[in-house]
Amino acid sequence: MKLVPPAPTAKAPTERFTGDVYLNPLHNGEAPSRLVAAMVRFTPGARTNWHSHPLGQTLHCTDGIGLVATRDGSVILMRAGDTVHTPPGEEHWHGATQDNMMCHLALVEHDNGESATWLEPVSEQAYEAAHAQASR
C-alpha cells in the first residue's frame with residue numbers, strides 16, 4: 001500500500017474537448033491492472049468529442065449537472081451521485097449542461113494501451129438536441 005501524491009490539474013486537450021475542461025489523473029494502471037481513472041471538471045457548455053471505449057466506461061458524477069448522449073439519440077441527465085455506464089464500442093459524449101458545471105470520475109480499462117477512440121466534436125445542434133431531449 002502507498003499514498004499516491006495528487007497529480008497536478010491539467011487543461012484537457014482542445015482536439016478532444018469543446019470548452020474549458022480540466023483533468024486530474026488518479027490512476028493509470030500498470031499490468032496486471034488495466035484501470036485508468038481521472039476526475040474531470042467541465043465548465044458550463046463544455047463537453048467531450050464523440051468517442052468510444054474498447055472495454056466500456058463508467059462515469060460517476062460527483063458535482064453539478066451533466067449530459068451523456070449516444071449516437072442513437074439517447075440522453076441521460078446526470079446529477080451528483082449518479083453513475084452511468086457506456087458499453088464497449090458505444091459512441092457517446094458527455095459534459096456539463098449549458099448553465100451548470102459538472103464533475104465526474106471517469107473509469108475505463110485500457111486494452112493494449114488504448115482506452116478510447118476519439119472522434120469528431122459534438123455539433124452545437126447535437127448539444128442543443130441533447131438538452132431538449134433531457135428536459136422532457
Side-chain angles (χ1 to χ4, degrees):
M1 173 172 49
K2 69 178 179 177
L3 178 64
V4 179
T9 300
K11 184 114 173 22
T14 57
E15 64 271 9
R16 295 181 181 173
F17 296 84
T18 297
D20 292 326
V21 179
Y22 299 91
L23 307 170
N24 282 91
L26 300 173
H27 183 77
N28 192 5
E30 296 177 13
S33 173
R34 300 188 304 184
L35 176 66
V36 178
M39 182 173 289
V40 188
R41 293 177 177 92
F42 297 82
T43 59
R47 56 198 178 267
T48 68
N49 282 8
W50 286 102
H51 63 286
S52 65
H53 302 278
L55 300 173
Q57 180 179 47
T58 299
L59 303 171
H60 179 77
C61 184
T62 62
D63 187 50
I65 305 171
L67 299 166
V68 182
T70 61
R71 290 276 189 190
D72 69 3
S74 298
V75 178
I76 293 175
L77 185 67
M78 184 169 54
R79 297 178 182 273
D82 290 343
T83 300
V84 176
H85 178 75
T86 60
E90 181 174 66
E91 292 183 2
H92 67 284
W93 63 266
H94 37 97
T97 59
Q98 295 166 333
D99 300 322
N100 295 278
M101 294 187 71
M102 189 269 291
C103 180
H104 67 50
L105 297 173
L107 308 167
V108 296
E109 292 179 276
H110 59 79
D111 184 27
N112 294 319
E114 296 297 322
S115 62
T117 300
W118 290 96
L119 304 165
E120 78 277 8
V122 175
S123 69
E124 286 300 318
Q125 295 82 3
Y127 182 70
E128 290 170 12
H131 270 274
Q133 174 75 13
S135 65
R136 290 184 198 166

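Atoms considered below: every heavy atom in the structure, side chains included; atoms not considered: hydrogens, waters and symmetry mates. Here the structure is a predicted model, which is why all the values come from computation and not from measurement.
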Should the pair R47-E128 be classified as a salt bridge under the 4.0 Å nitrogen-to-oxygen rule? no
Restricting to non-hydrogen atoms, name the atom on K11 and the atom on G19 that form the minimum distance, rounded to 0.1 Å. NZ-O, 4.0 Å
Between Y22 and F17, does a side-chain contact (heavy atoms from CB on, under 4.5 Å) hold up when you go through it step by step? CA-CA 10 Å; Y22 299 91; F17 296 84; over 6 Å; no
Spacing of C103 atom SG and N24 atom CG [to the nearest 0.5 Å]: 8.0 Å
Quick check: does any side chain N or O of T43 sit under 3.5 Å from a backbone N or O of A46, one acting as donor and the other as acceptor? no
Kindly indicate, with the supporting measurements, whether the criterion side-chain contact (heavy atoms from CB on, under 4.5 Å) is fulfilled by M39 and L105. CA-CA 5 Å; M39 182 173 289; L105 297 173; 3.8 Å; yes
Check the surroundings of atom CZ in R79: do more than 12 heavy atoms from other residues, nucleotides or ligands lie under 6.0 Å from it? no
Assert yes or no for the condition that the ring centre distance of H53 to H85 is strictly below 6.0 Å. no
Does any part of the side chain of Q57, heavy atoms only, come nearer than 4.5 Å to the side chain of L59, both counted from C-beta? yes
Min side-chain heavy-atom separation V40-T48 under 4.5 Å: no
In one Ile/Leu/Val/Met/Phe/Trp/Tyr side-chain cluster, 4.5 Å: Y127, I65: yes
Are more than 12 heavy atoms, taken from residues, nucleotides or ligands other than D72, located less than 6.0 Å from that residue's CG atom? yes
Considering all heavy atoms, the nearest P25-A7 contact: O-CB, 3.8 Å
Just wondering, more than 12 heavy atoms not from E15 lying within 6.0 Å of its CD? yes
Quick check for you: to the nearest 0.5 Å, what is the distance between H104 atom NE2 and D63 atom CG? 12.5 Å
Give the minimum heavy-atom separation between P54 and P88, together with the two atoms involved. O-CB, 3.2 Å
Residue of the set T97, V84, V122, I76 for which side-chain contact (heavy atoms from CB on, under 4.5 Å) holds with L67: T97
Measure up the H94 and H92 rings against each other and bin them: parallel (under 30°), tilted (30 to 60°), perpendicular (over 60°). parallel
Would you say that E91 contacts T117 through its side chain, given a criterion of any heavy-atom pair below 4.5 Å between the two side chains? no
Here the gap from S115 atom OG to L107 atom CG, rounded to the nearest 0.5 Å, amounts to 11.5 Å
Assess whether side-chain contact (heavy atoms from CB on, under 4.5 Å) is satisfied between H110 and V108, documenting all intermediate values. CA-CA 7 Å; H110 59 79; V108 296; over 6 Å; no
Gap separating the OG1 atom of T86 from the CG atom of L55, nearest 0.5 angstrom: 11.0 Å
side-chain contact (heavy atoms from CB on, under 4.5 Å) assessment of L119 paired with N49: CA-CA 6 Å; L119 304 165; N49 282 8; 5.8 Å; no
Under 4.5 Å between side-chain heavy atoms, counting indirect links through other Ile/Leu/Val/Met/Phe/Trp/Tyr residues: same cluster for F42 and W118 or not? yes
Hey, could you give me the CD/NE2 distance between Q98 and H131, rounded to the nearest 0.5 Å? 3.5 Å
Heavy-atom nearest pair, A126 first then W93, reads O-CZ2, 4.3 Å
